[in-house]
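This report refers to the structure that appears directly beneath it.
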There are 2 protein chains.
Amino acid sequence: MAKLAHDHTAEDCVELVTIFQNLSETDLETVATLVTDHHYKSGEYLFTAGDAADSLLILAHGQAKVFQMAANGKEQMLRILQTGDFDGEAALFANSDHNSFAQALMDTDVCQISRQDFQKLMQETPELAVNMVNALGRRVAQLEQQTTEVTTSSVESRLANYLLETSAGLDKTVFTLPLKKKDIATYLGTTPETISRKLTSLAKQGMIQKISNNEFKILNADRLMMID
Amino acid sequence: MAKLAHDHTAEDCVELVTIFQNLSETDLETVATLVTDHHYKSGEYLFTAGDAADSLLILAHGQAKVFQMAANGKEQMLRILQTGDFDGEAALFANSDHNSFAQALMDTDVCQISRQDFQKLMQETPELAVNMVNALGRRVAQLEQQTTEVTTSSVESRLANYLLETSAGLDKTVFTLPLKKKDIATYLGTTPETISRKLTSLAKQGMIQKISNNEFKILNADRLMMID
DNA sequence: CGATCTGTTGATCTCGCTCAACGTAAGTGG
DNA sequence: CCACTTACGTTGAGCGAGATCAACAGATCG
């Protein structure tokens, strides 16, 4: 496990994160002064439902899952935060509480900006606000996609897509699943058992190859794409 | 049916629409000059998948449904646009095509602003950008909710929630469903047959009362809320 | 090394989808 | 205004994808 060599987390945020792209040097320095940073160990919660949502979180390093809990106790994964992603848009528009949970999947560095500071920053830095609108626009599109897929296509199809996307994201045909199957299951709106079965089934059909427990190889991307 | 008396659509947009709230008089006048307006008859499409998405649409008057079409031909309703709502955030961040459809459910007036003009406007008017961020934040929260509900709770529960929300939105316990059951079905990720059955079932259980074909009365909101 | 968590496999059940037939409204043109 | 067409809605019967329950097998970890 690589040790975090330096405590440059604030600068990391500012540099790494897409919403701060294209800002002037001076603006970036201002941002850096407003940011506070936190470290979370794997398994710790960045926030839980009911917490006051009064700041924007930016993931400087690591990985975290964001999920909601339904009334019946079932989890629904909403997204995986990767380095450079942010969350807490709920924080931006009103005094409200989080309705979701965020849990670190590995050791993770997070930067925070308070709602107040961030709103002020947007007023003073239109580029930032525009970047923010763009980022949220993408987020909306991604969520619409997720909603549509979950309700219109089969688990097998959703899993196939997930494998393809993961593979594409890592730019490898042989890749390690970044999530536990339990989490993949709630992400795809299904159960671990079903994931297990479908992976076996896809392997039997020769579309993927199981290398190790959570390492897979895409053998036939075209057929995976065609699953209804 | 009220006749649209005047062609003040551009001003209507600017006045009605939440994202233009809090703007100065001069800013509002600028906005009004950039807006073009269109009228659509019930059933006409505001845009379809594949169209170039190069402008923001604001619904000045009427109602429209936005939906995606899955590979297998199934519709998934994403949302209903009401007076004051906007769509086309995809248009805001890149040259891209629409991946969804928008169809007028009644006679509808729509205002458009081109991506270029709108981006420029946001640069010059930070308040607008901040409003936009807030509106998109709300949208994200709503979509996360929809995704979670669709995957974690039963059709009966989703339908019950839909009835409660609709009733609450209209502020009446006796209310007319604003959508055809076909559309409610795709909104809730199910089929018309199932909607029909579940409505009958809820009525039999005494939680709602069927007044006419698409008029209903909430009899027991508490029990409706409790359905898992 | 036990203990706890995650994954696999099998057996069973059930919700809601599909297909089909029919009823009801709503528009269209004579 | 009524016959005709075309959409929408309802009801029934049957089926199937996937959830659930349960038992076991690896992993992971203190």
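These values consider heavy atoms only, across backbone and side chains, with no hydrogens, waters or symmetry-generated copies. Chain A is the first sequence line, chain B the second, and so forth, proteins listed ahead of strands; every chain is numbered from 1.
The distance from atom CZ of A:F216 to atom C1' of C:dG7 is 11 Å, rounded to the nearest whole Å. In this entry the distance linking NZ of A:K181 with C1' of D:dA27 reads 12 Å, nearest Å. Here the C1' atom of nucleotide C:dG7 and the CG atom of A:L177 are 13 Å apart, to the nearest Å. Regarding B:N214, its CG atom lies at a distance of 11 Å from the P atom of C:dA25, rounded to whole Å. For A:L199 and C:dT6, the CG to P distance is 17 Å, given to the nearest whole Å. Between B:L202 atom CG and D:dT10 atom P there is a gap of 13 Å when expressed in whole angstrom units. In this structure, B:D228 atom CG and C:dG16 atom C1' are separated by 15 Å, rounded to whole Å. What separates CD of A:E215 from C1' of D:dG26 is a distance of 17 Å, to the nearest Å.
For the contact set between residues 184-198 of chain A and DNA chain D, defined by any heavy atom under 4.0 Å, the members are A:G189, A:T190, A:T191, A:E193, A:T194, A:R197, A:K198.
Note on ring orientation: taking the six-membered ring where Trp is involved, the planes of B:F47 and B:H98 are parallel (angle under 30°, cut-offs 30° and 60°). The aromatic rings of A:Y45 and A:F101 sit perpendicular, their planes meeting at an angle over 60°, well past the 30° parallel limit.
With distances taken from any side-chain atom of B:K210 to the nucleotides D:dT10, D:dG18, C:dG16, the minimum falls on D:dT10.
Across the interface with DNA chain D, nearest-nucleotide mapping of B:T200 and B:K182 shows B:K182 to be the residue nearer the 5′ end.
The two residues B:E75 and A:T152 come nearest to each other via the heavy atoms O-CG2, 4.2 Å.
Put simply, the side chain of A:Q103 gets close to the backbone of A:G43: a donor and an acceptor are under 3.5 Å apart. Of the possible polar contacts, none joining the B:S55 side chain to the B:R115 backbone as a donor-acceptor pair under 3.5 Å is found. Counting only distance, with no hydrogens or angles, the side chain of A:R79 and the backbone of A:R139 share no donor-acceptor pair below 3.5 Å.
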